[in-house]
Amino acid sequence: MLTNTLLLSIVLCSNLVIGILLGMSGIAGFLLPLIYVGFLEIPVHDALALSFLAFAVSGVLGAYSYWKSKNMDLKLALFLSIGSLPGAFLGVQINVLISDFLAKLLLYLFILVAGLSIIFKKNNENALIKKSKALNHPFIVVIIGFLTATICALTGAGGPILLVPLLVNLGVNIRVAVGVSLLNSVFIAIPSIFGYFAYANVESIYSLVIASLIGVTIGILTGTRLANKVPMHLLKIMIGVITILSSLYMLFTLK
């Protein structure tokens, strides 16, 4: 059993590191629920409430930083977010209806697939891809926002892990894709926060909320400053390897 001080320290450091990775790549947020549920054995709804609170903070700070550096498409983010609000609400409602075992299984499987996609996806950071005409249709963009938000709210994976590669494949510049995804993650997090906190033991995680907010705030501010100074390809490989090994361990030890 971890002491309260040790638990707070792990939560603070975890949010600090993942905040840095989020600020640089936009795709590491899904590691938070994995750490909470898999390694710290925090109840699923408590863990997801803490995770989405961190996603909201990192989304606001990260999106502002990318907007300042002119890596933001507000129109695209707006239509995605219109779909994300009801999608995230639906994802939370599905999650609370299923068992903890199934919720953990879905989380670990989704994270494993995410890790594999990071490792095996062709690195096209600098490739010029023509922007898809699908993004010119607001209804299609709203549907994309709805579907990705439903999956992310259900599994606790945040948002950018699905949206960044999807937007890049549709011809959006990767830096803009990260900025748009961070802003969109706020609109996935808002209904998810209300939904999961309604089922969480708030008194038992009060101190964890404070540690989480301190860690992720410092981390995201640091990460966005480092975004253009770290090779994106090497960073993605590192995140992918950690993700695959962690999710496989959790799947094989799942009870």
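Ile210 contributes atom CD1, which lies 11.5 Å from atom CD1 of Ile205 (distance to the nearest 0.5 angstrom). We find the OG-OH distance between Ser69 and Tyr64 to be 11.0 Å, quoted to the nearest 0.5 Å. Note that the CG atom of Leu105 and the CD1 atom of Ile98 stand 9.0 Å from one another [nearest 0.5 Å]. Between Thr150 atom OG1 and Gln93 atom CD the span is 11.5 Å, to the nearest 0.5 Å. Taking CD1 from Ile218 and CG from Asn15, the interatomic distance works out to 10.5 Å, rounded to the nearest 0.5 Å. Summarising the geometry, atom CG belonging to Leu8 is positioned 11.0 Å from atom OG belonging to Ser212; distances are rounded to the nearest 0.5 Å.
The side-chain heavy atoms of Phe55 and Pro33, taken from C-beta on, include a pair separated by under 4.5 Å. Inter-residue side-chain proximity for Val209 and Phe197 is flagged as met; some heavy-atom pair is nearer than 4.5 Å. Side-chain contact between Ile42 and Val37: absent, with no pair of heavy atoms (C-beta onward) separated by less than 4.5 Å. Under the 4.5 Å side-chain criterion, counting only non-hydrogen atoms from C-beta, Tyr66 is not in contact with Val176. For the pair Trp67/Leu74, a side-chain contact is recorded, criterion being any heavy-atom separation below 4.5 Å from C-beta on. Between Val17 and Leu31 there is no side-chain heavy-atom pair separated by less than 4.5 Å. Residues Leu167 and Leu76 are in side-chain contact: their nearest non-hydrogen atoms beyond the backbone lie under 4.5 Å apart. By the 4.5 Å heavy-atom criterion applied to side chains, Leu135 and Ile140 are not counted as neighbours.
Counting only residues at least two apart or on different chains, no side chain to side chain donor-acceptor pair (under 3.5 Å) pair has a member in residues 134-144. Evaluation of the ring pair (Phe, Tyr, Trp, His ring centres under 6.0 Å) test over residues 161-184, restricted to residues two or more places apart or in two chains, returns none. Listed by first and then second residue, the side chain to side chain donor-acceptor pair (under 3.5 Å) pairs that reach into residues 197-207 come to none, sequence neighbours excluded. Residue pairs meeting the salt bridge (charged side-chain N to carboxylate O under 4.0 Å, His left out) criterion with at least one member in residues 68-78, sequence neighbours excluded: Asp73-Lys131.
Listed here is the closest heavy atom pair of Ala177 and Ser181: O-OG, 2.7 Å. Of all heavy-atom pairs between Phe52 and Ala189, the closest is O-CB, 3.4 Å. When every heavy atom of Ser58 is checked against every heavy atom of Leu182, the shortest pair comes out as O-CD2, 4.4 Å. Residues Leu32 and Ala54 come closest through the heavy atom pair CD1-CB, 3.7 Å. Minimum heavy-atom separation, Val11 to Tyr36: CG1-OH, 3.8 Å. For the residue pair Ala200 and His45, the shortest heavy atom distance occurs at CB-O, 4.1 Å.
Each of Leu53, Leu50, Leu12 was checked for a side-chain contact (heavy atoms from CB on, under 4.5 Å) with Leu213, and the lone residue meeting it is Leu53.
Judged by distance alone, the side chain of Asn95 and the main-chain N or O of Leu154 form a donor-acceptor pair under 3.5 Å. Of the possible donor and acceptor atoms, one in the side chain of Tyr196 sits under 3.5 Å from a partner among the backbone N and O of Ala153. For Ser84 (side chain) and Gly145 (main-chain N/O), a donor-acceptor pair under 3.5 Å exists by modelled atom type. Remark: side-chain polar atoms of Ser99 are paired, donor with acceptor, to backbone N or O of Leu102 under 3.5 angstrom. With Ser132 contributing its side chain and Leu170 its backbone, the two residues share no donor-acceptor pair below 3.5 Å.
The side chain to side chain donor-acceptor pair (under 3.5 Å) check on Ser51 picks up nothing, with sequence neighbours excluded. Considering only residues two or more places apart in sequence or on other chains, Ser9 meets the side chain to side chain contact (heavy atoms under 4.5 Å, CB included) condition with Thr5. Legend: residues meeting ring-ring contact (aromatic ring centres under 6.0 Å, His included) with Phe194, ordered by chain and number and at least two apart, are absent. For Val142, the side chain to side chain contact (heavy atoms under 4.5 Å, CB included) partners at least two apart in sequence or on another chain are Phe79, Ile82. With sequence neighbours excluded, no residue satisfies ring-ring contact (aromatic ring centres under 6.0 Å, His included) with Phe187. Partners of Ser65 under the side chain to side chain contact (heavy atoms under 4.5 Å, CB included) rule, at least two apart in sequence or in another chain, are Thr224. Annotation: side chain to side chain donor-acceptor pair (under 3.5 Å) contacts of Ser14 (sequence neighbours excluded): none. By the side chain to side chain contact (heavy atoms under 4.5 Å, CB included) test, Ala77 is found to be paired with Val180, Leu183, residues two or more places apart in sequence or in another chain being considered.
Note on Ile188: it does not cluster hydrophobically with Phe89, by side-chain heavy-atom contacts below 4.5 Å among ILVMFWY residues. Leu6 and Leu208 fall within the same hydrophobic cluster, defined by Ile, Leu, Val, Met, Phe, Trp and Tyr side-chain heavy atoms under 4.5 Å apart, directly or through other members. Under the 4.5 Å side-chain heavy-atom criterion for grouping Ile, Leu, Val, Met, Phe, Trp and Tyr, Leu40 is connected to Leu48 within one hydrophobic cluster.
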Checklist entry - Can Ile18 and Ile35 be said to form a side-chain contact (heavy atoms from CB on, under 4.5 Å), step by step? => result CA-CA 11 Å; Ile18 290 173; Ile35 294 171; 3.7 Å; yes
Next on the checklist: Determine whether Val57 and Thr217 satisfy the following criterion, side-chain contact (heavy atoms from CB on, under 4.5 Å), listing intermediate values before the conclusion.
Outcome noted: CA-CA 7 Å; Val57 174; Thr217 300; 3.6 Å; yes
Checklist entry - Would Leu116 and Ile244 satisfy side-chain contact (heavy atoms from CB on, under 4.5 Å), going step by step from the backbone distance to the final call? => result CA-CA 7 Å; Leu116 290 171; Ile244 292 170; 3.7 Å; yes
Checklist entry - Could you walk me through whether Leu163 and Asn184 pass the side-chain contact (heavy atoms from CB on, under 4.5 Å) check? => result CA-CA 9 Å; Leu163 208 50; Asn184 179 248; 3.4 Å; yes
